[in-house]
There are 2 protein chains.
Amino acid sequence: MTYSPELLKGTLKTIVLKLLADNKKMYGYEITQRVKELTLDKIQITEGSLYPTLHALEYEKLVTTETEYIGKRVRKYYTLSAAGRAKTKEKVVEMTDFMRTMMVLLDIQPKLS
Amino acid sequence: MTYSPELLKGTLKTIVLKLLADNKKMYGYEITQRVKELTLDKIQITEGSLYPTLHALEYEKLVTTETEYIGKRVRKYYTLSAAGRAKTKEKVVEMTDFMRTMMVLLDIQPKLS
DNA sequence: TGCAATATATAGGACTCCTATGTATATTTG
DNA sequence: CAAATATACATAGGAGTCCTATATATTGCA
C-alpha cells in the first residue's frame, strides 16, 4: 500500500531535510532507499521528484555538496548547512503543528505503538 | 500563523468529507467558517479551492445537493451519499496512516493536550 | 550475455490549490 | 442612510509540487 501521491506534497522537502539532519551526509539514491525502508515501502520517493528537490535545496544554500567516485561511478553527497539545520527545525515544527491540527479536524486519536 | 499552502494539498477533500460526515448537511460558506473556527484560524479554506472541490465531489456522486433560499439569497446544501460515507472513512484511514508514517520519519512524539 | 541494482539527471505533464475577479444580498456601523 | 463588512456562490488563469518517461552509465550476478 502506498499513499495517494497528493499527500506527499509539501512534505518531501521536510523529509529530505530531516534525514540529512540525522545523518550528516547522504546521497540521492541512499535517501530513496532509506525512506522506503523506514516507511516499510509506504513512501517511495521517485528520482523525478528527489533530484529536482535536492537541486533546489542546493540553490537555496540549505545544503552543500561534494562529489565522490566509487570506482567509475559518480556519487554526490549532500550535507546540511547551518541555514539548512535551522530550516529543518522550522519545517518539522510546522509539520508537527499541522498534523496536530489535522488530528483535531479529523477527530483522530494519537496512538503509540 | 497559517501553514505553507502546499501542506494542505491532498487533504482538502478529506477535510470537507469529514465535516459532512459529522454534520449531515452543510453549505460552502459554512464549511469555510467551521474549518477556520476548528483550526483556530490556522487553516483558511478559500472559495477558489472550496467550490471547485464541492463541485468535484458532486460530479463523483459522493454528495448530493439541494438549494435553499434565505430571503433572496441562494444557499446550496451538500449531503454525503452512501458512497461518500465510504470514501470518507477510507480517506480518514489513509490520512491517519500517513500521519503515523510521517511521525516515524520525522521522529515526532504524539502528544495529547 | 542479459537482467537487476546502483546512480544521476531533466523535459514535459498532471494534479491540486490559490489569486483575482465577478455577481448579488444582508447586516452592521459611523 | 451611506459605506463597510459579512454572507454566498462561481470560475478563469496561474503557481507550485510532484510524477512519468526517458536518457545515460557503471556494477554485480546468474
Side-chain angles (χ1 to χ4, degrees), chain A residues 2-17 25-37 39 41-60 63 65-78 91 94-95 98 102, chain B residues 2-17 25-37 39 41-60 63 65-78 91 94-95 98 102:
Chain A
T2 39
Y3 304 115
S4 312
E6 316 89 69
L7 278 181
L8 199 64
K9 294 200 179 182
T11 66
L12 181 56
K13 217 174 218 171
T14 307
I15 292 172
V16 172
L17 286 172
K25 183 178 160 185
M26 293 183 90
Y27 56 98
Y29 187 76
E30 187 186 11
I31 292 174
T32 63
Q33 296 312 107
R34 189 68 63 84
V35 170
K36 204 175 162 228
E37 176 196 319
T39 65
D41 289 23
K42 284 175 181 173
I43 296 181
Q44 299 193 24
I45 298 180
T46 60
E47 314 98 297
S49 49
L50 180 64
Y51 292 114
T53 296
L54 287 171
H55 300 160
L57 292 176
E58 189 178 5
Y59 181 78
E60 295 169 59
V63 296
T65 63
E66 46 185 315
T67 299
E68 199 176 285
Y69 276 86
I70 307 296
K72 280 184 180 176
R73 190 149 57 197
V74 179
R75 188 181 282 178
K76 199 165 160 192
Y77 278 100
Y78 291 84
K91 282 280 195 183
E94 187 190 25
M95 189 67 203
F98 176 72
M102 282 300 293
Chain B
T2 38
Y3 305 115
S4 313
E6 315 90 69
L7 279 180
L8 200 62
K9 294 199 180 183
T11 66
L12 182 56
K13 217 174 219 172
T14 308
I15 293 172
V16 172
L17 285 171
K25 184 177 158 185
M26 294 183 88
Y27 55 98
Y29 186 77
E30 188 185 10
I31 292 174
T32 64
Q33 296 313 106
R34 188 68 63 85
V35 170
K36 204 179 162 220
E37 175 196 320
T39 65
D41 289 21
K42 285 175 182 174
I43 296 181
Q44 299 193 24
I45 298 180
T46 59
E47 312 98 299
S49 48
L50 179 65
Y51 291 114
T53 295
L54 287 171
H55 299 160
L57 291 176
E58 191 177 6
Y59 181 78
E60 296 168 58
V63 297
T65 63
E66 47 185 315
T67 299
E68 200 175 284
Y69 276 86
I70 307 298
K72 283 186 180 176
R73 190 149 59 194
V74 179
R75 188 180 281 179
K76 199 166 160 192
Y77 279 100
Y78 291 83
K91 283 279 195 183
E94 187 189 26
M95 188 68 203
F98 176 73
M102 283 300 293

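Lettering of chains follows the sequences in order, A, B, ..., and the numbering in each one begins at 1.
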Query raised in the report: Between C:dC18, D:dC9, C:dT8, which nucleotide gets closest to the side-chain atoms of B:R75?
Result: D:dC9
Query raised in the report: Does the base of C:dC15 carry an N or O that pairs as donor and acceptor with the side chain of A:K9 under 3.5 Å?
Result: yes
Report summary line: Closest to the 5' end of DNA chain D, once B:V74 and A:I45 are matched to their nearest nucleotides, is B:V74
Query raised in the report: What is the minimum heavy-atom distance between A:K91 and A:L17, and which atoms define it?
Result: CG-CD1, 4.3 Å
Query raised in the report: What nucleotide, of C:dC17, D:dC9, C:dT6, holds the atom closest to the side chain of B:T53?
Result: C:dC17
Report task. Compare the minimum distances between each of D:dC9, D:dC18, C:dT10 and the side chain of A:Y51, then state the nucleotide with the smallest one. Result -> C:dT10
Report task. Round to a whole Å and report the spacing from CG of B:L54 to P of C:dC17. Result -> 12 Å
Report task. For A:G71, answer base if it contacts any base atom (sugar-phosphate contacts may also be present), sugar-phosphate if it contacts only those atoms, and nothing otherwise; contact means non-hydrogen atoms under 4.0 Å. Result -> sugar-phosphate
Report summary line: Judged by nearest nucleotide, the residue sitting upstream toward the 5' end of DNA chain D, A:P52 or A:R73, is A:P52
Query - Which atom of B:L7 lies closest to which atom of A:F98, heavy atoms considered - result: O-CZ, 3.4 Å
Query raised in the report: Nearest of C:dT6, C:dC18, D:dG16 to any side-chain atom of B:T46?
Result: C:dC18
Requested in this report: For A:G28, answer base if it contacts any base atom (sugar-phosphate contacts may also be present), sugar-phosphate if it contacts only those atoms, and nothing otherwise; contact means non-hydrogen atoms under 4.0 Å.
Outcome: sugar-phosphate
Query raised in the report: What distance separates A:L50 CG from A:I15 CD1, expressed to the nearest 0.5 Å?
Result: 10.5 Å
Report summary line: Between NZ of B:K36 and C1' of D:dT7 the distance, given in whole Å, is 13 Å
Report summary line: Atom CD1 of B:I15 and atom P of C:dC17 are separated, to the nearest Å, by 9 Å
Query raised in the report: Rounded to the Å, how far apart are A:K72 NZ and D:dA25 C1'?
Result: 11 Å
**Report entry** For atom CG of A:L50 and atom C1' of C:dT8, their distance in whole Å
**Finding:** 10 Å
Query - Rounded distance (Å) that lies between atom P of D:dT17 and atom CG of B:L7 - result: 11 Å
Query raised in the report: So, is A:H55 close to the C:dT8 phosphate, meaning a side-chain N or O under 4.0 Å from OP1 or OP2?
Result: no
Query - Shortest non-hydrogen separation from B:E68 to B:Y77 and the atoms involved - result: OE1-CE1, 3.6 Å
Query raised in the report: What integer distance in Å separates A:Q33:CD from C:dT8:C1'?
Result: 14 Å
Query raised in the report: Phosphate oxygens OP1/OP2 of D:dC18: is one of them under 4.0 Å from a side-chain N or O of A:K13?
Result: no
Query - Closest nucleotide among C:dT8, D:dA8, D:dC18 to the A:Y27 side chain - result: C:dT8
Query raised in the report: At what distance, to the nearest 0.5 angstrom, does OH of B:Y78 lie from CG of B:L54?
Result: 4.5 Å
Report task. Measure from the side chain of A:E47, starting at C-beta and using heavy atoms only, and say which of D:dC18, C:dA9, D:dC9 lies closest. Result -> C:dA9
Query raised in the report: Base, sugar-phosphate, or nothing: which does B:T11 touch, judged by heavy atoms less than 4.0 Å apart?
Result: sugar-phosphate
Query raised in the report: Is the shortest heavy-atom distance from the side chain of A:E66 to the side chain of A:K25 under 4.5 Å?
Result: yes
Query raised in the report: How close or far is atom P of C:dA7 from atom OH of A:Y78, stated in whole angstroms?
Result: 14 Å
